[in-house]
Each structure stands twice: as structure tokens, then as C-alpha cells.
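Everything below concerns the one structure shown next.
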Amino acid sequence: MTMKALTLPLLAGIAVAGIAPATAQELTIGLKSEATSMDPQFHQLSTNIQVTKNIFEALTTQDAVQKVTPGLAESWEAVDDTTWRFKLRQGVKFHDGSDFTARDVIYSFCRVPLVQNSPSAYTIYTAGIADMQAEDDYTLTIRTKATNPLLPSEMWSLAIVSANALGAEDQVTYGPDGTCEGMGDVPQAPAFNDPGIAVGTGPYVLDNYTRGSEMVVTRFDDYWGGTPDWERVVMRPITSDGPRVAALLAGDVEMIESPPIQDIPRIEQAGFSVVDALSNRIIYLHMLQQEDAPGISGAEGNPLLDPRVREAISLSINREAIAERIMGGYAQPAGELLPPPMFGTSGRPVDAYDPERARELLAEAGYPDGFSITLGTPNDRYINDEQVAQAVAQMMSRIGIQTRVDASTASQFFSRRNALEFPIYMAGWGASSGDMSSPLKSLVATYDPETGMGPTNAGRYSNPDMDALLIEAMSTIDDEKRDQMLQEAETMVLDDYGIIPLHYEQTVWAMKSDLSYEPRVDQYTMATEVKPAAK
Amino acid sequence: MIVYLVRRLGQSLLAVMAMAVLVFIGVYFIGNPVDVLINPEASQADILATTERLGLDKPLYQQFGIFIWNALQGDLGTSFVYGRPALDIILDRLPATMELALVALILSVGIGIPLGVWAGLRPHSIAGRTIMGGSILGFSLPNFWQGMLLILVFAVILGWLPAGGRGETTEFLGMQVSFLTWNGLSHLILPAINLALFKMSLIIRLARANTREVCLQDYVKFARAKGLSGRRVVLVHVLKNIMIPVVTIIGLELGSMVAFAIVTETVFAWPGMGKLLIDSINLLDRPVIVAYLMLTVLIIVGINLAVDVIYSLLDPRIRLSEMKG
């Protein structure tokens, strides 16, 4: 390693005293979890995405507030409902010096269904693509099987790899679902540990990836977007919260993601800067909408089928108190499924805290003495999740719904939830597309394996009118009209109390005071966007 | 002797088989890996396809049968998360854990025995009492907390050593090791101390108790009466005789240090097998969990077998009684 590493222990002492040394051209980041592969098309997981984005780019990008902006495509247009034309950027070089052309895009999309053993495949984005044609090296038309207004935003998820480095033939022809021709021998995910295979167009070049220990990238001097800020970036997975904070305080790393909320005052006192931003993740309560629900006693049938009972639960919750006391201010009370002003939000106010009215509603619904219920929650998935659930349970108990919290570790919780074991549960949802259709489609659309709607609707809420509107919105290209429809669909669900939003999580980063980072809504830690503060 | 060996081998195999059943069934009931692995945006059809590809749609006995059949051919399954053979992933991490465990062992023996002997020779002196008091702390303070305290003092407050990670590694005998450079060594010191503290306390107490006992033996009294120097009495007569139980314990503890350095590795973000196990449990990466536990069972059973055999070589009484029984 370099001299820098040798002097780190010495520098650490100074940094703790609050006099940050002038930064070298090196940046070390402590991440909360580790990427499982350097193959950007292997595992659809935020941990992998935020790391591989340094090396690989996509046709479009999403900025810090998830607005779609040009990436490797300079511009795009919808020719008709199912045809898109992308103009590719000229003069872009891959890390091995070769030029980026339409062939690389076709190869990359073709490779997605051919990636083996993927725990969560990217095929959910390529399955809808019927055809791709290169008009010339820098013009590409994409035909979709159905209307898909989100195509430009989804392009962000499909990393562009180098057709040459991966051994494609000169002519690559697209065919849907893995029937492409001219692919050559497609390298699989483990091959990407080799910097000769992991060739992208991004600002950094893969230098070394030691599983479990660190990943090192170095500056790509021929990057089309200008010279990157850092000569060398080291990303280290430090999965436990305490040690991650200690590594920052000791000067081992210059920046960490997700410091535990209770440690933030200490980190600030030690002279580090802390930034936070509202995330696209909503924490919500979902209620089982089936006649026979487990975990409910003291009532005939399932009281949650009555919208008045659902409204009562929402009114019983003091969201301000939860955000302030349990989340330490790092959360914002939510009235919608996505924080406004993101796409498809209506600016609906947060439900008031009104236990009086909640009790009246319960009485009206025929439960003046309340009933008993079990609230399911994970205890290691969201920020302070179990404590939040405990608070919600106490608030619900205060209006007469005796609530017991059943907390379990995430791996168990999600299995139990998907088996409909909880009459009411708390969970979170991050809208990766940054668009209202994401939570509506997954959380509240009628569960239907045939159409793929409502996969995470473990409350089995169903509202056919909303479904129809949502499906129409999802095939409307016109942004303004779609926005309107999504707002309307969301309002239908929330008026019906089909789901109860609690709060939006805030994501926190801590770093040395001479660094700056524009916090991202999607909670990604992107090395490319960490800047020396002076700049 | 051969009869004895065959019998012990058979018992060991039985233990391994029993563990395979327990481990597999235990892991099966933790939860459904697909629920954790798959992107939340995936549709029901994607979930079903992934479940089938991982073979999780088959009933338990079939999954177990496939696992045993493959295991007998040396294939412990393919990691759900990494898409690579589980055993490869674990063996990638083995050198880091072995290095940590060996350094910790050297520390605990190198410091533990002299301190223990000292405390045994002078049980009522201030030094002797302090050593014993310290060893109680080493025993009773939680490993995790000790690690955090070491980081706080030596990394955060004093800034002498890094707070975690493995640092620079160099190739040595075909393995990546970190003790050959200052950078690597500086990363190794704190986790090794953390891992060593508990064992050190154990060895101190063992050495002290044995020293006290041996000091009362006739041959020590005789050596003293003969006018041998105190140094020679301690180094030759006392030390030699307390080593037998100490060596036994060290052998057994080495196995458990390799297999269960989990807490230390987690606290110090040390990229060893233990940290891999924790990460795999969180992601429900069943093949890695099962392969790790099976490997651990093999290591411990193997060490026990070796210890038993050595015992029987050292002490004919064991061999004889086993043969009769």
C-alpha cells in the first residue's frame, strides 16, 4: 500500500482533535454491507449497484432526487407508444480504450438473461423489450412489448458492459429472452473480479476487489465527463454499526454511511460533518383484508375489514412524536407513499393525531371496547424499527386496540409476512423508480400472480377501481396525464385507509469536515459524488 | 490399537452425520432465502422462477437427499448470493482466520504461561493477586465489549492502531498473510489481542493451579534441597510438568478459535470465515451456512480424534481400558 496507510494512525489523532489534514487524492469509505459481485448485471441489490456504478454506466442516470438525466444516451424520444429512439453519446471510451457504440448496448441487454445463478435478476427490466436495432453506431431504437412510460428511468438499472472485453462477435443481434446472436462465450459473474473483464465507461477503473475486505478503484483519465475527483477510492464493508463509527473516528475511513442515530451527536462533536436527506423509503402499516385473520381476538371476524377501524388506527398514531423521539429527528411524518414532490404525489397532508375521534370511530364500527391484535415488525431492517413498532402498539392500545408486538429478524419476518401470518405489520418500501407507480403496483394493487400485480401486498388489499386506473396510468406515455392518474389512484387508496403511511426515513452520512456529499433520495453512497469541500 | 482407531473413527463419522442432519434441518427452518434475496420489485412469477432455480420448491427430504449426494462427491452446494461454490468462498476466507487464530494462540501462550507460573509461585504477592484479578476480568467481560474498548482506546483516543480491516497482505507459502508488513501487522494486533484475552485468562488460571500443585511435589522439594538454582527448578522441573494439561487445552482451543472467531471478526471487520458466517446468516445463504458448519464439525471432530489418538499413545492405560470395553 502507500505511505498514506502507514501514517494513518498518526493522522487519526489529529483528526479527532478536529484539525482535519488536507486531503490527499485518496478517499476511503466505510460501507454498511458488501457487494456480492463486481458483475453489474448479477444481483439487483442496492449494495452492488452503488459500488458498480463507479465502474459501469447506463444509458440514463438518476440524479440525487431520482430525476432521469442523460447518461451514455444524450437524448431520447418516444417515437410511438412502444418505440423509443436513443441518441448515444459520441467519443465515450471504455477503460480498455475502445469506443462505446450501439453494439455494446445491445450486447449488454442481451447478456442480462444469460447471467446464471442470479439471486435477483435484472430480467425484470429486459423481459419487456421486444427488439433493439442499431440504425447506426450512435442511434438505437428499442421496441417494447407493451407501453412502458418508465423505460428511460429503468434504463438506469441496466449497466453497459464492453462487448469487446467480454468476447462478443462483431455483429450482435438482439432477440428477446436470451435468444440473441453473436454473443460469443458469455463470461459469468465470478469473472468480473478480473479488471480485464470488468471494463466499463465509468469514472473509475476496477483495481482490486478482495471479497470481505475491500474494493479499490482508480481514476479513469479518459472519462468523458471530465477528470474524476479522486485518484483512488477504497470502499470497505464494515457491517456492524459500532465498528463503522469507530473506523471513522479513528481516521481509518473518511466517510461512512448510515451511522446509528444515537451516535450522531458524538460524531458531530468530534468535528465531523453529517449530512442527511429524505429518502424514497416509506415506513407503513399494512392490514390483512381477509375474512379470517390470525392474531386477532376479542372481536367477531376481522374488524380490519371496516374502513372506520383502519382510519381509527391511523388517527391513533402520533407521527410527530415518533419522528422526534424515536427517530431522533431523522424521519419525517408521512401522508403519502412517496415524499412530495416526487412523481405522482399529491401533497396530501399527514393524518392528524386525534385519539378522541379514533375512539369514536371504533365505537361507530361496533368495537367500543376495542379488540386485541398482533403487530408484526422486523427488528433489524429499518432504522429503529422495533422501537417504532412498540410506540405504535402503545398508541393503538391507548384507543382500546390492545396491541402486542411480534418482532423478528428480517430474514424470518419477510418469510412470515409473505405467508400472511400477521393481521397488521410494519414494513418499508423504497421506490427504486422514484415514481408513485412503484409503491402502488407492489403494495396495494390486487395480488395477482398472473399479471404480476401486488407482489408485496401482504395485506391483500383490493380495490378494482384503483387497479384499473393504475394499469391505465402505467401505459400512459404523457407525463402530465400519468402524474394526474397516479395522484388520483393514490388518493383512492389513502381515502380508503388501505395502507397507513407512518414516516419517510432520512438517510445519514458522516464524513470528515473537508468533504461534501449531496445526499441521495435512493440512499445510495456514490463515491463519484463525494467532493472535496473546497470545490 | 487398530481396533481402537477404527472404533473412534466410526464414532466420529456418526457425529458428522448427525450434525449434517441437524444443521440442514435447522437452516431449513430459519426462513425462505428468496424472500430476502430477491429485489422487492420482482413479480410473483420472478419469485417462483428463482425459487425453482435454487431448488427450494422441492420437499425437505429431497433437498436433503440432493445435498448429501452432492456432499459425498465433495460438492457442498453453490452459494445463493455469490453464485460460486460455497466451499470455495469459505476456503478463500480461511487464511485470514487461521492467521488471526495462530497469532492469538501465540499471544495467549506467550503471555499466559509466564504470568500463570509467576502467580503460582507467589500466590500471595501483589503481582500474583493482580494477575489473578486480571484473568477474572478476561474471563467475564464480554468479548464484544472488550473489542469495542480496545478500538476506543487504541484507535479512537490514542490513534496508534487502525480500528479494523485487514490491511495490506503479502504472499507467503502460497497464502495471503498480513504479519509480514507493518501495515498488515498493525491491523492484526488489536483483533489478535481481543481473541487472545479469553484464552490467555484460561491458560493463566490453568498454569497457576498446576504450578501450585507441582510445587508441593516431592521432586520439586528434592530439587530445592539438592541446591539447584530457583531458575532451574522452575524452568525444568515445574514448567515441564505443568505443560501436559496446558498443551491439551491449547489443542482443543485452537479448533474453537478457528471456528468461532465470529465476534472478534465482526467487531474488527476482519475478513475471515466467522464474518462470512454472520453475513451469510443475515442473507440466508443456506449453502454457505451449511458448508461452514460442516467444515467446523470436521475440524473439531478431527482435532478431537487426533487428541484421543495422542492420548492413547501417551497413556497406555486409556488404550487398555478401551480395548476391554
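Below, chains carry the letters A, B, ... as their sequence lines are ordered, and counting in each starts from 1.
Chain B forms the most heavy-atom pairs under 4.5 Å with one residue out of A/Thr456, A/Thr409, A/Asp448, and that residue is A/Asp448. Annotation: maximal heavy-atom pairing with chain B below 4.5 Å, among A/Ser46, A/Ser33, A/Gly30, A/Ser213, occurs at A/Ser213. Comparing A/Pro449, A/Gly242, A/Ser438 by how many heavy-atom pairs each has under 4.5 Å with chain B, the most go to A/Pro449.
Among all heavy-atom pairs drawn from A/Arg266 and B/Val156, the shortest one is NH2-CG1, 4.3 Å. Taking each heavy atom of B/Ala155 and A/Ala250 in turn, the nearest pair found is O-CB, 3.5 Å. Scanning all heavy atoms of the two residues, the minimum distance from A/His43 to B/Val81 falls at ND1-O, 4.3 Å. Summarising the geometry of B/Ser43 relative to A/Gly452, their closest heavy-atom pair is CB-CA, 3.9 Å, with the distance given to 0.1 Å. Closest heavy-atom contact between B/Ile281 and A/Ser411: O-OG, 4.4 Å. Nearest heavy-atom pair across B/Ala269 and A/Pro237 is CB-O, 4.1 Å.
Using a 4.5 Å cut-off between heavy atoms, B/Leu48 makes no contact with chain A at all. Heavy-atom distances place the side chain of B/Thr78, and not its backbone, under 4.5 Å from chain A. Neither the backbone nor the side chain of A/Ser37 comes within less than 4.5 Å of any heavy atom in chain B. Heavy atoms closer than 4.5 Å to chain B are found in the side chain of A/Glu34, but not in its backbone. No part of A/Asp39 comes within reach of chain B, as not one of its non-hydrogen atoms sits under 4.5 angstrom from that chain. Interface remark: A/Arg211 contributes backbone and side-chain atoms alike to the contact with chain B (heavy atom separation under 4.5 Å). Interface remark: B/Tyr82 contributes backbone and side-chain atoms alike to the contact with chain A (heavy atom separation under 4.5 Å). Interface residue B/Asn32: backbone and side-chain heavy atoms are both found under 4.5 Å from chain A. Heavy atoms closer than 4.5 Å to chain B are found nowhere in A/Ala189, neither backbone nor side chain. For a residue to count as touching a neighbouring chain, one of its non-hydrogen atoms must lie under 4.5 Å from one of that chain's; by this rule B/Thr266 touches chain A with backbone and side chain alike. Interface remark: A/Phe42 contributes side-chain atoms only to the contact with chain B (heavy atom separation under 4.5 Å).
For B/Asp285, there are no salt bridge (Lys or Arg N to Asp or Glu O under 4.0 Å) partners two or more places apart in sequence or in a different chain. Evaluation of the salt bridge (Lys or Arg N to Asp or Glu O under 4.0 Å) rule for A/Lys145 yields A/Asp177 as partners, not counting sequence neighbours.
Put simply, the side chain of B/Gln44 never gets that close to the backbone of A/Thr451: no donor and acceptor are under 3.5 Å apart. Checked by atom type and distance alone, the side chain of B/Arg166 never pairs as donor or acceptor with a backbone atom of A/Gly212 at under 3.5 Å.
Proximity to chain B among residues 119-128 of chain A is limited to A/Pro119, A/Ser120, A/Ile124, judged by heavy-atom separations below 4.5 angstrom.
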ask   = Run the side chain to side chain contact (heavy atoms under 4.5 Å, CB included) check on A/Gln44 and B/Ile38 step by step: do they pass?
value = CA-CA 8 Å; A/Gln44 212 189 132; B/Ile38 204 146; over 6 Å; no
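Between the CG atom in A/Asn418 and the CD1 atom in B/Ile47 there is a gap of 7.0 Å [rounded to 0.5 Å].
Counting non-hydrogen atoms of neighbouring residues, nucleotides and ligands closer than 6.0 angstrom, the NZ atom of B/Lys199 exceeds 12 such neighbours. Within a 6.0 Å sphere centred on CD of A/Gln262, heavy atoms belonging to other residues, nucleotides or ligands number more than 12.
Under the 4.5 Å side-chain criterion, counting only non-hydrogen atoms from C-beta, B/Ile278 is not in contact with A/Thr239.
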For residues 84-98 of chain B, run the donor-acceptor check on the side chains, cut-off 3.5 Å, and write out each pair with its distance to 0.1 Å, sequence neighbours left out.
residue, atom, partner, partner atom, Å
B/Arg93, NH1, B/Gly272, O, 3.1
B/Thr97, OG1, B/Glu265, OE2, 2.9
B/Thr97, OG1, B/Met273, N, 2.7

